[in-house]
Amino acid sequence: MRSETAQLIKLQDYKETPYAIDSVSLVFKLKPEATEVVSTLTLSRRDGTEAGTLLELDGDELTLVSVAVDGVALAQEAYQASATKLIIHNPPADTFQLEVVTKVNPTANTKLEGLYLSKGIYCTQCEAEGFRRITYYYDRPDVLSVFTTRVEADKASNPILLSNGNPQETGDIEGTNRHFAVWHDPHPKPAYLFALVAGDLACTSEKYTTASGKPVDLNIFVEKGNEDRTDWSMDSLIRSMRWDEKVFGREYDLDVFNIVAVSAFNMGAMENKGLNIFNDKYILADSDTATDTDYEGIETVVAHEYFHNWTGNRITCREWFQLCLKEGLTVFRDQEFSSDERSRPVKRIADVIRLKSRQFPEDQGPLSHPVRPTEYKEINNFYTATVYDKGAELVRMIKTILGADGFRKGMDLYFERHDGDASTIEDFIKCFEDANALDLTQFSRWYHQSGTPVVKARGSYDAAAKTYTLDLAQINAPTPGQTEKKPFFIPVRFGLVGPNGDDLSYSSVEGAQVNGDLLCLSEDKHTVVFHGIGSKPVPSLLREFSAPVKLETGLSREDQIFLMRHDVDPFNRWQAAQTLMTELLIELTRGEEPAGKEAFIEALGHMAEDESLDHAFRGFGLMLPSEQAIALEIGADVDTDAIGDARDAFSKEIGVTLYDTFKRLYNELDMPAAFSPDAISAGKRALKLRCLSYLGAAQTEESAALAKTHFDNADNMSDRMGALTILVIWQLAGAQEALKAFEERHKDTALAMDKWLSIAARAPSEDSVAAIRTLTEHPAFSWENPNRIYALIGGFLGGNTRGFHAADGSGYNYLAEITLQLDKTNPQVASRMVKSFGNWKNMNAERREKAKAALQGILEADQQLSTDVKEIVELCLD
Ligand code: ARG
Ligand code: ZN
């Protein structure tokens, strides 16, 4: 949040700064309400900068104490200072030192950006533009400098003092109760990677030796009392470090690697050089409070932040338009890590579910933007699923197109050529082109054109000629700001599945670039003819989800059931089931009686019991698309109540029809005596809970008792939370009692109570908003902590479709009210919440009218809006 009239920042306006910052020395005199920051910058005029050019540094809500150049205090007329800028009128020639003293108030910093206090712990969050809330600086990623940081604080309340890089000296400050620590980071870095932590923290440590024999101290710092919940994150860190050495040839480059977990944090975590700061949700785990999904999330986020050391820190971004250069690539790297550590097909399914549920909606509404955008008002609004998750898909496609070796060659060249640089997507692509002698110009459109392409496929078999013809077309609808689209380069992994389930081979092919099982579309339409096909195949297209597109195959329900049973690609077996479920659910929503429903339910029963498939896969295979996913597929004039009713009825029908199958499976799946978070055990738990949820949907007395017993006997959070969700969602006997018992057990563990809040937020209710209001009064909830807000409010917006989209507009009005309230304290969190309006145009007329009024109400409120919220609301209304 900076000013009332936010400017549109444009990629085309990018210019280097006139001065370079050669080194930075910072002294922090920490006090809860008045911290003094002494910053000494060594600046030099860049080649081509005229002598006397203004030095203009960024600030945000800063109070200037003093400013001096080369040791001499500046006269009033020599500079200009405001809360948001420091301008030095006539800097001396060539090289000079600028000493700036500012004062900040960490206690009053509710935005959690810059320097703030979280439960008595000083910490920082500087990405994207938080450093300017600490001192005046060139707060932009292309200004790299070497930082030395001295931290001073009261010794008793802050025994631990941390910053980036390697530790230098420590000592007491004579005649006071204070002490200090000096840290030096030899790697030049932009200000957004700066970090500082001070507090009374507990620590767990390990020793690590890199592949080339360098010792590294690993430390995880947490609030006291949480030190026995760091085993899994430490284990994940060590495995990540090994993996990056093995798979990408990347080693760690400092003597220490520190992680700190704090409870108040806007995002997941932050990759500050040598000092990662985490939302404690992604560090703390034990079987009693963390679900299997939490364990997976921790593994992923720990790896993600660690991998940033090379993709983000050693090579950073030239400006924030290049955010996907580090985020898309690093998400791809953490996905690959988890795939290697767990089951690859299951991980792929999980990642695609995430992409389709978060990125596809973004791309289908007013918030659609390219992976590499060209303009924004508030950069914090662009930490999106498109930049992160679609960004990762684009890197994955490069690997698909080049093959594993070609991909590694390109990555090696990227590290070699750009180490120490602030780079661009163009630089990145060029490395793959140069390393593989290939032109990726058309492929690069994926970075610049927004929207999800629709690929239509229709096949026909000619028995006499033994040919199979596939007509393929890509359709690219206009998106905001982009009316004309050029065709994408789309890699389609495929197989032609023969009658016995094996892939048929072809003797020759024409009509597109085809190489083995990879077919690449480069034009709007292709007619691809395969020769030497002995029998009629069923095409299995987009295996492994080889491109982020919406595929319409037009396959009959029989053919889809056939793929569900026989495809050699597990991903497409899952996809076939999902496609069928979606089709059936849409017809049910319209009140029709779909053809093939019984056959599908029977096939689902087979999938549930297919021992050749692993448990986690079957758990995903049986999962119905969410109400939001169905709404998105319907696309226009959506009635969320009709969707909810249809989905409930279909769940119940599946539960009743396959009752005995699910009951048998539930009883037969036996768990090892001791809890383990490994992928195999997690998969079993997931499948067992999926069976229980269908039994719950059948709403029998027996199934209610089973769910309640499951809850009572649970020795881990996955089972406890899973059973509680089933009891609450299906309103089974024992639900209220279980909610009470959960609360009693976990009332002192905030992260566990977040789960309780999110389940309560999803409970069916006549008046959901009233129920949520009551929950905001609960002692477990707080408007100050983002995790509590994401759990309760996020749980309502994302998990209670009927409630949020209530036809009377009550959910929309409530979101408007919350947005305005949160915007006063934490604009980033407010903006994340208000994004739930993103698909309002897909709703039916009654709801659209209510949503529009609520959005307009935000703009018209008698309150100054942050750039964050204003930009999102304006885009939604555009
Ligand atoms: N770079 C962090 C990550 O690993 C995210 C930080 C986002 N912060 C923000 N204020 N938008 O993904
Ligand atoms: Zn990241």
Side-chain angles (χ1 to χ4, degrees), residues 1-2 60 109-116 123-134 139-141 164 189-195 236-237 240 244 259-262 264-273 275-279 281-283 297-317 319-338 354 358 371 373 376-392 395 786 790 826-833 835 866-869 871-872:
M1 178 165 90
R2 259 156 289 278
D60 183 21
N109 185 354
T110 58
K111 294 180 185 169
L112 312 185
E113 205 187 356
L115 175 67
Y116 65 95
C123 65
T124 54
Q125 171 56 35
C126 292
E127 187 178 2
E129 297 178 336
F131 193 72
R132 64 184 64 184
R133 295 169 56 75
I134 295 173
D139 191 8
R140 39 187 284 170
N164 314 90
K189 66 166 174 290
Y192 82 86
L193 292 173
F194 170 81
S236 302
L237 174 61
S240 309
D244 213 15
I259 287 180
V260 179
V262 298
F265 203 78
N266 283 342
M267 314 284 283
M270 181 62 211
E271 69 265 22
N272 319 297
K273 184 79 187 189
L275 177 54
N276 288 0
I277 300 181
F278 274 65
N279 184 325
K281 173 177 163 55
Y282 291 109
I283 289 293
I298 290 169
E299 182 178 276
T300 296
V301 179
V302 167
H304 179 96
E305 305 310 331
Y306 174 72
F307 295 156
H308 267 316
N309 191 53
W310 275 94
T311 50
N313 302 3
R314 292 287 289 247
I315 307 178
T316 191
C317 304
E319 10 66 25
W320 290 121
F321 295 105
Q322 315 296 334
L323 186 57
C324 65
L325 177 70
K326 73 177 179 83
E327 296 304 346
L329 177 55
T330 305
V331 170
F332 171 75
R333 277 153 52 69
D334 80 53
Q335 290 177 347
E336 285 298 286
F337 166 68
S338 299
R354 184 182 163 94
R358 291 160 32 107
V371 173
Y376 61 76
K377 285 185 175 166
E378 174 51 65
I379 184 56
N380 284 322
N381 284 334
F382 285 83
Y383 286 72
T384 58
T386 298
V387 169
Y388 276 66
D389 299 334
K390 187 172 175 185
V395 179
Y790 300 151
N826 192 330
Q828 277 189 44
V829 173
S831 162
R832 262 177 82 162
M833 294 297 108
K835 280 184 177 180
S866 66
T867 320
D868 310 56
V869 164
E871 181 175 34
I872 299 299

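Each ligand, and each atom within it, is numbered from 1 in the order the structure gives.
Metal site remark for the Zn ion (ligand 2): E327 contributes an N, O or S atom at a distance under 2.8 Å.
Interatomic distance, F194 CZ to K273 NZ, rounded to the nearest 0.5 Å: 15.5 Å. Distance CZ/R832 to CG/N381: 11.5 Å, rounded to 0.5 Å. Atoms OG and CD, from S240 and E305 in turn, are 10.5 Å apart once rounded to the nearest 0.5 Å. Summarising the geometry, atom CH2 belonging to W320 is positioned 5.0 Å from atom OH belonging to Y192; distances are rounded to the nearest 0.5 Å. To the nearest 0.5 Å, the span separating NZ on K835 from OG1 on T384 amounts to 6.0 Å.
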Residue pair D244, R333: steps toward the salt bridge (Lys or Arg N to Asp or Glu O under 4.0 Å) verdict: CA-CA 9 Å; D244 213 15; R333 277 153 52 69; 2.8 Å; yes

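Under a 4.0 Å criterion applied to the non-hydrogen atoms of K326, ligand 1 contributes the atoms 1 (N). Interface atoms of ligand 1 facing A269, defined by a heavy-atom separation under 4.0 Å, are 2 (C), 3 (C), 4 (O), 5 (C). Shown in contact with E271 at under 4.0 Å from a heavy atom are these atoms of ligand 1, numbered in order with element: 1 (N), 2 (C), 3 (C), 4 (O). Heavy-atom proximity to M270, at under 4.0 Å, picks out these atoms of ligand 1: 1 (N), 2 (C), 6 (C). Distances below 4.0 Å separate heavy atoms of Q125 from the following atoms of ligand 1: 8 (N). For ligand 1, the atoms closer than 4.0 angstrom to any heavy atom of M267 are 7 (C), 8 (N), 9 (C), 11 (N). Short contacts between ligand 1 and Y383, defined as distances under 4.0 Å to a heavy atom of the residue, involve ligand atoms 7 (C), 11 (N).
Remark: the N266 side chain and the N826 side chain contain an N/O donor-acceptor pair separated by less than 3.5 Å.
Contacts with ligand 1 closer than 4.0 Å are made by heavy atoms of both the backbone and the side chain of E127. The residue E113 has no part lying near ligand 1, judged by heavy-atom distances below 4.0 Å.
Residue-level check: among N/O/S atoms of H308, NE2 sits closest to the Zn ion (ligand 2).
At least one heavy atom of N380 lies less than 4.0 angstrom from ligand 1.
Ligand 1 has a nitrogen or oxygen under 3.5 angstrom from a nitrogen or oxygen of Q828.
Salt-bridge check for D60 with R133: passed, with a basic side-chain N closer than 4.0 Å to an acidic carboxylate O.
Closest protein heavy atom to atom 12 (O) of ligand 1: Y388 OH, 2.6 Å.
Ring pair Y376/F321 is tilted by interplanar angle, where 30° to 60° counts as tilted.
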